[in-house]
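The chains referred to below are lettered A, B, ... by the order of the sequence lines, with proteins before strands, and numbering in each begins at 1.
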2 protein chains.
Amino acid sequence: MGSVKIQKTPTVRRLPTYLYKLLEMQKEGASIVAAPELARYMNLTEIVVRKDLAVTGVTGQPGVGFKIPELVKAIRTYLQWEIPSPAILVGAGSLGHALLGYEGFEEYGLKIIAAFDADPAKIGSVVYGRPVYDIAEMPEKLRGSGIEIGIICVPAAHAQQVADQMVACGIRGIWNFANVSLRVPDEVIAQREVIAGGLAVLSVKMAQQEKQSCD
Amino acid sequence: MGSVKIQKTPTVRRLPTYLYKLLEMQKEGASIVAAPELARYMNLTEIVVRKDLAVTGVTGQPGVGFKIPELVKAIRTYLQWEIPSPAILVGAGSLGHALLGYEGFEEYGLKIIAAFDADPAKIGSVVYGRPVYDIAEMPEKLRGSGIEIGIICVPAAHAQQVADQMVACGIRGIWNFANVSLRVPDEVIAQREVIAGGLAVLSVKMAQQEKQSCD
DNA sequence: TAGATTGTTAATCGATTAACAATC
DNA sequence: TAGATTGTTAATCGATTAACAATC
């Protein structure tokens with residue numbers, strides 16, 4: 001049941017943040033960056049940064065730092081983000097709109113090319129340049145397209161059904177924003193995004209902070 | 001700089017998912033749940049589930065399981081979610097809309113009571129029942145309100161400025177959806193939500209899966 | 001050369017997993 | 001009693017942190 005285990009998950013999760021920061025620095029004309037600088041930005045120690053960057057295989061210059069373009073390329077290679085993967089999104093509600101409107105995904109190896117919905121009021125519309133099709137048309141739209149990534153933004157109650165349809169249409173990776181755990185075949189990856197997890201961490205940190213300031 | 005370290009972060013991140021599932025089971029009339037059942041749902045081993053539930057202080061009945069209402073109460077207490085905290089949201093763009101439209105936050109201890117934006121076209125509007133005020137009015141609207149949580153949904157370029165304003169208005173916890181690392185005073189918590197992290201994990205898992213199926 | 005940073009090797013810390021007695 | 005599940009204690013695994021020689 002999509003039980004692939006990967007190594008260094010914390011590092012993998014941090015890589016997009018490095019990538020984004022490096023691209024920003026590049027825009028500002030920088031070409032070299034040292035670990036301590038990235039560490040300050042990321043709120044990490046410089047040792048963590050060096051270990052993280054090491055997974056990409058890039059080596060820096062002692063006393064100097066790392067070449068930004070080299071790092072950018074290596075992170076993209078490591079994450080398989082060199083060529084953006086085409087993806088479809090199901091559920092053109094408010095969250096679907098937000099994801100369709102986010103312009104940074106191309107930097108993150110993702111290119112959402114179409115959306116699907118079951119609501120007749122939405123079908124046929126265009127959201128941030130992407131067409132919204134009837135979900136019933138998913139099989140024909142995806143056939144032979146080579147699209148392997150599907151994003152689920154439907155209410156929890158419909159998510160499993162949408163996932164089943166996606167799998168039937170050849171989707172191999174599902175990015176799930178619905179509040180349920182999906183059942184998918186072994187060869188399909190389902191990655192669930194639980195934003196409430198971050199809220200829980202915030203709550204506990206605030207409680208702890210409060211406790212400390214009372215000491 | 002908001003450098004509170006908390007214990008058992010992985011467990012804390014999982015608690016909202018347990019909570020949501022337990023509430024669902026409760027709606028369906030269940031009153032008892034055993035660790036193996038939750039484990040199957042969460043794609044975890046039952047030992048992890050028992051360790052997770054143990055932090056709440058609830059004890060189960062050997063051979064039977066845990067009382068659902070007791071677990072629900074204990075998780076809420078642990079996360080300080082018994083009484084929803086009032087919060088404000090800044091940035092009524094598409095992501096802001098999505099968060100304002102999400103109805104599950106009350107279960108997660110959060111009650112967004114108002115939004116702020118700088119865009120005259122948005123100021124004065126009402127989004128999912130919440131008023132959108134001019135961001136310039138934040139100080140007066142927050143004064144004496146006791147609101148301690150702020151949610152940032154503005155573009156990265158404006159996020160630091162918004163964070164500074166929030167801090168000046170007495171906000172103690174910031175849930176940051178902008179693509180930047182914020183600088184806040186020691187006594188303020190800034191929790192950044194990096195959804196691209198999940199996408200990175202999905203990408204790496206898909207690559208690994210592909211590699212495996214070729215063996 | 002001096003100062004800064006890298007990359008490696010070892011030590012610590014914490015989370016997950018395993019084993020098993022206790023309990024309903 | 002037999003079957004199932006709990007909770008505890010110990011073992012393993014992996015990530016973070018520390019120490020330091022090597023390099024520009």
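- The distance between atom CD of B:E46 and atom P of D:dA4, rounded to the nearest whole Å, is 12 Å.
- The CG atom of A:L100 sits 8.0 Å away from the CD1 atom of A:I151 when rounded to the nearest 0.5 Å.
- Annotation for B:E82: atom CD counts as buried by contact number, over 12 foreign heavy atoms lying within 6.0 Å.
- Annotation: the span from A:I149 atom CD1 to A:M166 atom CE amounts to 11.0 Å, rounded to 0.5 Å.
- Between A:Y20 and A:Y108, the ring planes lie tilted relative to each other; the angle falls in the 30° to 60° range.
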Determine which bases of DNA chain C form Watson-Crick or G-U wobble pairs with both distances under 3.5 Å, and write the result as a 5' to 3' dot-bracket string with | for other-strand partners. ..||||||||||||||||||||||

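- B:Q208 places a side-chain N or O within donor-acceptor distance of the main-chain N or O of A:K5, the cut-off being under 3.5 Å.
- Here the CG atom belonging to B:L53 is positioned 10.0 Å from the CZ atom belonging to B:R14, to the nearest 0.5 angstrom.
- As a whole-Å value, the separation of A:R40 CZ from C:dT5 P is 8 Å.
- A 4.5 Å side-chain heavy-atom check between B:Y18 and B:M42 finds at least one atom pair inside the cut-off.
- A salt bridge is defined here as a Lys NZ or Arg NE, NH1 or NH2 lying under 4.0 Å from an Asp or Glu carboxylate O, and B:R76 with B:E107 meets this definition.
- Atom CD in B:E70 sits roughly 14 Å away from atom C1' in D:dT6 (whole-Å rounding).
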Treat primed atoms plus P, OP1 and OP2 as sugar-phosphate and everything else as base, then score nucleotides 13-24 of chain C 5' to 3': B for base contact with protein heavy atoms under 4.0 Å, S for sugar-phosphate contact only, - for none. -SSSBB----BB

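- When heavy atoms are screened at a 4.0 angstrom cut-off, B:A54 is found touching no nucleic acid atom at all.
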